[in-house]
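All values below were derived from every heavy atom in this structure, side-chain atoms included, with hydrogens, water molecules and symmetry-related copies excluded. First listed ligand is number 1; within each ligand, the first listed atom is number 1.
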Amino acid sequence: MGRPQKKKRKPKSKLTAATADRHVLYGLSVQNVEAEIDFVDETFKHLRGRDAKSLREDFCGTANSAAEWVKRREDNLAIGVDLDTETLEWARAHTLPALAEEQQARVTLLERDVRDPGPEGIGCDIVLAMNFSYWLLNKRDDLVAYFRSVRESLGPDGLFFLDHYGGSDALTETTEDRELDGFTYVWDQDKYDPISGMMTAYIHFKFPDGTKMKKAFAYHWRHYTLPEVQDCLRDAGFAKVTVYWEGEDDDGEGDGVFSPAEEGDADPAFITYIVAQP
Ligand SMILES: C[S@@+](CC[C@H](N)C(=O)[O-])C[C@H]1O[C@@H](n2cnc3c(N)ncnc32)[C@H](O)[C@@H]1O
């Protein structure tokens, strides 16, 4: 087992390491922004009794969630925040042009630290920190400072959404190959230090012609446990922190339906959502 995945989608053509784009493969392997935005949109409406309008995607990378958000309603606004110039340039060259022009006009990409998103990042209904990216803030004080800045920057009835990957598999040194259509996704938990919680993980891609894209993505981050994340959110002043646990289908597999829970199961690998209310 390894990092659990939310969905598989199909690439259109035959791929090799020489021709494939690592950002496209990442989106196909790791992300499921449609399901993520379904959850965020429905949960906000349920908790706040209205549709959310503005969404800030922290650690946005290629800004796929921001793009999905502006597709949902014609007055939705999205802001993406990321430090990495190359990834934001990719988003400007690929993610945004895939949107209609009027949708593109409702996305703002900011090359900034998520802890200091600037005036454009203030007052949003929703802030997202997905794909465990907040683990990159590997000092607890830095994580709490980030959570505090999110709380202070949210709109009056805003909500903060995070995801979390936990279970015993998350803390082991292991590799998982997963066959997708046209390539193999490899999640490599290369090194885990139980004293600091620091983990080094890679994503590699393998192709039918035998070529490989090794270390297409590298993560050196701290695995925070689910209780630690909730404690940090409370320390940052969030008044209510709720874990949403995934239900099971008849075969005992995750059914994609996440509900508020106070107790979970000792699954070896699970993804949860966390919703924090100021
Ligand atoms: C694991 S990737 C996640 C990308 C995207 N959010 C996703 O879900 O696929 C982490 C991203 O966070 C960005 N990043 C790391 N530290 C950051 C910081 N302090 N402020 C803003 N972005 C940061 C990196 O440049 C990278 O694009």
Side-chain angles (χ1 to χ4, degrees), residues 2-9 21-40 55-69 78-96 107-118 120-121 124 126-150 153 160-165 170 185 187-190 198-205 215-224 229 232 236 271-274:
R3 187 187 197 187
Q5 306 306 321
K6 297 173 188 167
K7 200 183 80 175
K8 299 172 188 176
R9 281 176 287 163
D21 181 324
R22 70 189 182 114
H23 292 298
V24 172
L25 300 182
Y26 177 91
L28 292 167
S29 314
V30 174
Q31 290 188 296
N32 180 358
V33 292
E34 296 87 356
E36 177 188 298
I37 292 297
D38 282 350
F39 172 78
V40 163
L55 174 147
R56 188 178 99 204
E57 183 187 6
D58 281 354
F59 309 97
C60 70
T62 54
N64 287 327
S65 301
E68 183 64 22
W69 181 250
I79 292 147
V81 184
D82 200 287
L83 275 178
D84 191 63
T85 308
E86 184 261 334
T87 311
L88 286 177
E89 275 172 6
W90 194 97
R92 288 196 182 92
H94 296 87
T95 311
L96 297 188
V107 181
T108 306
L109 298 181
L110 303 173
E111 188 175 327
R112 291 188 193 149
D113 193 297
V114 292
R115 287 164 290 185
D116 190 14
E120 301 94 327
C124 291
I126 291 169
V127 173
L128 298 184
M130 295 295 187
N131 274 321
F132 333 120
S133 305
Y134 59 93
W135 291 357
L136 291 163
L137 302 171
N138 54 51
K139 300 272 181 288
R140 191 185 191 280
D141 287 351
D142 290 343
L143 186 66
V144 173
Y146 164 57
F147 287 171
R148 190 174 294 118
S149 86
V150 171
S153 72
F160 182 30
F161 289 79
L162 309 87
D163 60 5
H164 182 266
Y165 160 39
Y185 160 87
W187 173 244
D188 178 4
Q189 293 180 186
D190 184 56
M198 290 301 294
M199 170 174 278
T200 300
Y202 302 105
I203 292 173
H204 317 288
F205 297 110
K215 299 185 181 177
F217 293 91
Y219 305 100
H220 188 57
W221 58 18
R222 172 169 164 185
H223 182 276
Y224 289 95
V229 178
C232 288
I271 283 181
T272 50
Y273 286 116
I274 307 165

Enumerate the atoms of ligand 1 whose separation from the nearest heavy atom of [X] is less than 4.0 angstrom.
X: Cys60; result: 5 (C), 6 (N)
X: Arg112; result: 20 (N), 21 (C)
X: Gln31; result: 7 (C), 8 (O), 9 (O)
X: Asp84; result: 25 (O)

Requested in this report: Measure the acute angle between the ring planes of Tyr165 and His223, then classify it against the limits of 30° and 60° as parallel, tilted or perpendicular.
Outcome: perpendicular
Report task. Looking only at non-hydrogen atoms, find the nearest pair between Ala78 and Ala66 and report the distance. Result -> CB-O, 3.5 Å
Query raised in the report: Can you tell me if Tyr146 and Asp58 form a side-chain donor-acceptor pair at under 3.5 Å?
Result: yes
Query raised in the report: Between Ser133 and Asn131, is any side-chain donor less than 3.5 angstrom from a side-chain acceptor?
Result: no
Query raised in the report: Could an N or O of ligand 1 be found under 3.5 Å from any N or O of Trp221, whether backbone or side chain?
Result: no
Requested in this report: Give yes or no for whether the N/O distance cutoff of 3.5 Å, strictly under, is met between Leu136 and ligand 1.
Outcome: no
Report the member of [options] with the shortest heavy-atom distance to [atom].
atom: atom 8 (O) of ligand 1; options: Thr87, Leu137, Ile203, Asn131; result: Asn131
atom: atom 3 (C) of ligand 1; options: Ala91, Gly27, Ser133; result: Ser133
atom: atom 27 (O) of ligand 1; options: Leu88, Asp82, Leu110; result: Asp82

Requested in this report: Could you tell me whether Glu120 and Arg56 make a salt bridge, using a distance below 4.0 angstrom between a side-chain N and a carboxylate O?
Outcome: no
Query raised in the report: Salt bridge between Arg115 and Asp113, side-chain N to carboxylate O under 4.0 Å?
Result: yes
Query raised in the report: For ligand 1, which part of Val114 has a heavy atom less than 4.0 Å away: the side chain, the backbone, both, or neither?
Result: both
Report task. Report yes or no: does a heavy atom of Tyr219 sit under 4.0 Å from some atom of ligand 1? Result -> yes
Query raised in the report: Judged by non-hydrogen atoms, does Phe132 sit under 4.0 Å from ligand 1?
Result: no
Query raised in the report: Does the separation of the ring centres of Tyr134 and Phe59 fall below 6.0 angstrom?
Result: no
Query raised in the report: Is the NZ or CZ atom of Arg22 both under 6.0 Å from the centre of the six-membered ring of Phe205 and within 45° of that ring's axis?
Result: no
